[in-house]
J.: 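Please read through the structure below; I'll follow up with questions.
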Amino acid sequence: MVEGVSKALWITVATVFAAAAAVAPVARGQQAPCYFVFGDSVFDNGNNNALNTSAKVNYLPYGIDFPQGPTGRFSNGRNIPDFIAELAGFDNYIPPFAGASRTQANIGINYASGGGGIREETSENLGERISLRKQISNHQSAIRKAAVPESQLRRCLYTISIGSNDYLNNYFLQPPTPARRLYTPDHLGGGVGCAEEVNQAVDIFNNKLKALVADLNSNLSGVKFTYVDLFSGNAQDFAALGITVGDRSCCMVKPGEELCAKDGPVCPDRTKYIFWDNVHTTETINGVIASSAFNGDITSPFSISQFVN
Ligand SMILES: CCCC(=O)Oc1ccc([N+](=O)[O-])cc1
């Protein structure tokens with residue numbers, strides 16, 4: 001636990017963390033009094049299910065390895081916040097804001113939304129989504145209605161993973177005509193390999209974000225931030241874990257699309273794959289990322305474990 005501190009952030013294009021310690025009674029084994037999650041589809045666990053959007057995955061094969069089946073998680077199984085909640089000793093996964101009880105704000109709520117961005121207009125092309133601004137406003141109303149004490153909120157863990165859509169579904173968006181969409185795959189890798197042009201642009205953002213995290217840590221008291229680098233894994237490390245396929249998705253994605261085809265085929269051994277669909281990772285990788293963030297292998301300057309007991 002970092003002395004006198006409470007928060008962490010996580011950013012993936014943009015992934016930042018702000019974190020916590022124990023205040024008042026916390027459940028046995030639970031290392032922070034509460035855990036709040038903000039972000040896009042990488043962290044979404046069902047908030048988009050009731051929205052009018054194409055960024056919705058409450059169908060198979062999503063959730064094929066999750067005990068409850070498809071829940072709205074953009075993976076075959078658990079997502080990164082699920083693993084963080086497990087590692088921090090929470091008895092249950094943090095539920096989505098959509099449908100969460102009022103009292104749940106005392107323990108944690110997940111506000112993330114597939115397609116969500118930092119900019120309001122991001123992912124207009126996908127339909128309804130919950131922007132970061134709206135997620136924060138949902139959080140403010142949830143904690144107000146539940147009257148969660150500020151002394152407790154100061155010691156919670158907060159994770160934010162957002163920014164990818166501001167590139168993918170905004171800055172780099174192709175004119176959304178059907179003909180132009182057909183050429184998108186060649187331009188951006190076609191779901192096979194990496195989209196170098198996007199990665200280079202995102203690098204600029206991430207480097208500035210790292211600097212911002214350092215700046216916030218130096219200039220804000222009572223809160224600590226850490227940067228989680230989702231892209232620091234390398235092929236050799238993954239191969240040592242038996243994760244050997246990094247250049248294609250596990251599920252079948254139709255040409256010009258990014259998500260798995262409904263009821264489409266999947267690779268037989270999901271544990272060998274990095275990518276579940278064309279933009280989201282498998283449960284196996286989500287677990288590796290969460291553990292590496294928890295133990296500090298991919299974070300700077302703090303590990304998540306330093307934010308919790
Ligand atoms: C890593 C990107 C985060 C995110 O929300 O990605 C999405 C990209 C595309 C779709 N979609 O096509 O519906 C949804 C989410």
Side-chain angles (χ1 to χ4, degrees), residues 10-16 37-59 61-63 70-76 79-81 96 110-132 134-135 159-174 176 178 180-182 184-185 188-191 194-195 198-199 201-203 205-206 209 228-231 233 246 249-262 264 274-283 285-286 289:
W10 163 313
I11 287 179
T12 105
V13 153
T15 298
V16 182
V37 179
F38 301 81
D40 56 28
S41 54
V42 174
F43 281 8
D44 189 355
N45 63 350
N47 285 308
N48 277 18
N49 290 349
L51 300 187
N52 183 13
T53 176
S54 52
K56 176 155 64 177
V57 293
N58 51 353
Y59 59 83
Y62 288 94
T71 56
R73 286 168 171 79
F74 288 71
S75 187
N76 56 309
N79 63 16
I80 295 169
N110 183 332
Y111 303 94
S113 164
I118 297 168
R119 294 184 60 85
E120 284 300 303
E121 81 278 9
T122 287
S123 301
E124 266 171 356
N125 54 311
L126 302 178
E128 291 180 328
R129 71 278 170 210
I130 309 166
S131 67
L132 181 58
K134 179 68 179 153
Q135 291 178 33
T159 59
I160 307 171
S161 177
I162 202 156
S164 303
N165 286 308
D166 297 287
Y167 290 89
L168 290 176
N169 285 304
N170 192 340
Y171 189 80
F172 282 105
L173 195 62
Q174 299 298 304
R180 185 64 181 262
R181 278 186 73 85
L182 283 179
T184 302
L188 295 178
C194 297
V198 181
N199 282 342
V202 163
D203 244 7
F205 181 97
N206 282 343
L209 179 67
V228 181
D229 187 351
L230 296 188
F231 303 108
S249 64
C250 168
C251 74
M252 197 265 276
V253 178
K254 291 182 184 161
E257 298 193 359
E258 287 164 342
L259 304 181
C260 303
K262 190 165 187 297
I274 293 176
F275 289 100
W276 167 241
D277 60 20
N278 278 5
V279 280
H280 302 105
T281 42
T282 55
E283 175 181 72
I285 284 291
N286 294 340
I289 291 171

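Both ligands and their constituent atoms are indexed starting at 1 by order of listing.
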J.: Under a 4.5 Å cut-off applied to non-hydrogen side-chain atoms, are Thr281 and Ile274 in contact?
T.: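 Yes, their side chains come closer than 4.5 Å.
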
J.: Report yes or no: does Asn169 have a heavy atom closer than 4.0 Å to ligand 1?
T.: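 Per 4.0 Å heavy-atom rule, Asn169 contacts ligand 1.
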
J.: Should one rank Val42, Ile162, Asn48 by closest heavy-atom distance to atom 1 (C) of ligand 1, which comes out on top?
T.: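 When every heavy atom of Val42, Ile162, Asn48 is considered, Val42 comes closest to atom 1 (C) of ligand 1.
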
J.: Which ligand 1 atoms does Ser54 reach within 4.0 Å, using its non-hydrogen atoms?
T.: 13 (O)

J.: Among Asp44, Asn48, Asp40, find the one that has a side-chain hydrogen bond (donor to acceptor under 3.5 Å, both in side chains) with Ser113.
T.: Asn48

J.: Which atom pair, heavy atoms only, marks the closest approach of Phe43 to Asn79?
T.: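 Between these two residues, the closest heavy atoms are O-ND2, 3.3 Å.
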
J.: Which atoms of ligand 1 have any heavy atom of Ser164 under 4.0 Å away?
T.: 1 (C), 2 (C)

J.: Side-chain contact test, heavy atoms from C-beta onward, threshold under 4.5 Å: evaluate it for Asn278 versus Glu257 and give yes or no.
T.: no

J.: Under 4.0 Å from any heavy atom of Leu126, which atoms of ligand 1 are there?
T.: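 Once the distances to Leu126 are compared, the set is 10 (C), 11 (N), 12 (O), 13 (O).
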
J.: Contact between Ser75 and His280 at the side-chain level, heavy atoms closer than 4.5 Å - yes or no?
T.: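 Ser75 vs His280: side chains apart.
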
J.: Can you report which non-hydrogen protein atom sits closest to atom 12 (O) of ligand 1, along with the distance?
T.: Glu258 OE1, 3.4 Å

J.: Please write down residue, atom name and distance for the protein heavy atom closest to atom 3 (C) of ligand 1.
T.: Ser41 OG, 2.8 Å

J.: Considering heavy atoms of the protein only, find what lies nearest to atom 14 (C) of ligand 1 and give residue, atom and distance to 0.1 Å.
T.: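 The protein heavy atom lying closest is Ala55 CB, 3.6 Å.
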
J.: Got Phe205 and Ile118 here, is their nearest side-chain heavy-atom distance under 4.5 Å?
T.: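 A side-chain contact under 4.5 Å exists here.
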
J.: Please report the shortest heavy-atom distance between Gly114 and Phe74, naming the atom on each side.
T.: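 Scanning both residues completely, I find the closest heavy atoms to be CA-CZ, 4.0 Å.
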
J.: What do you reckon, does His280 put a non-hydrogen atom under 4.0 Å from ligand 1?
T.: yes

J.: Are the side chains of Ile162 and Phe38 in contact, using a 4.5 Å heavy-atom criterion?
T.: no

J.: Polar contacts were defined as any N/O atom of the residue lying under 3.5 Å from an N/O atom of the ligand; does this apply to Asn165 and ligand 1?
T.: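 The answer is yes, given that Asn165 and ligand 1 share an N or O pair closer than 3.5 Å.
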
J.: For Leu259, which part has a heavy atom under 4.0 Å from ligand 1: side chain, backbone, both, or neither?
T.: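 The answer is the side chain.
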
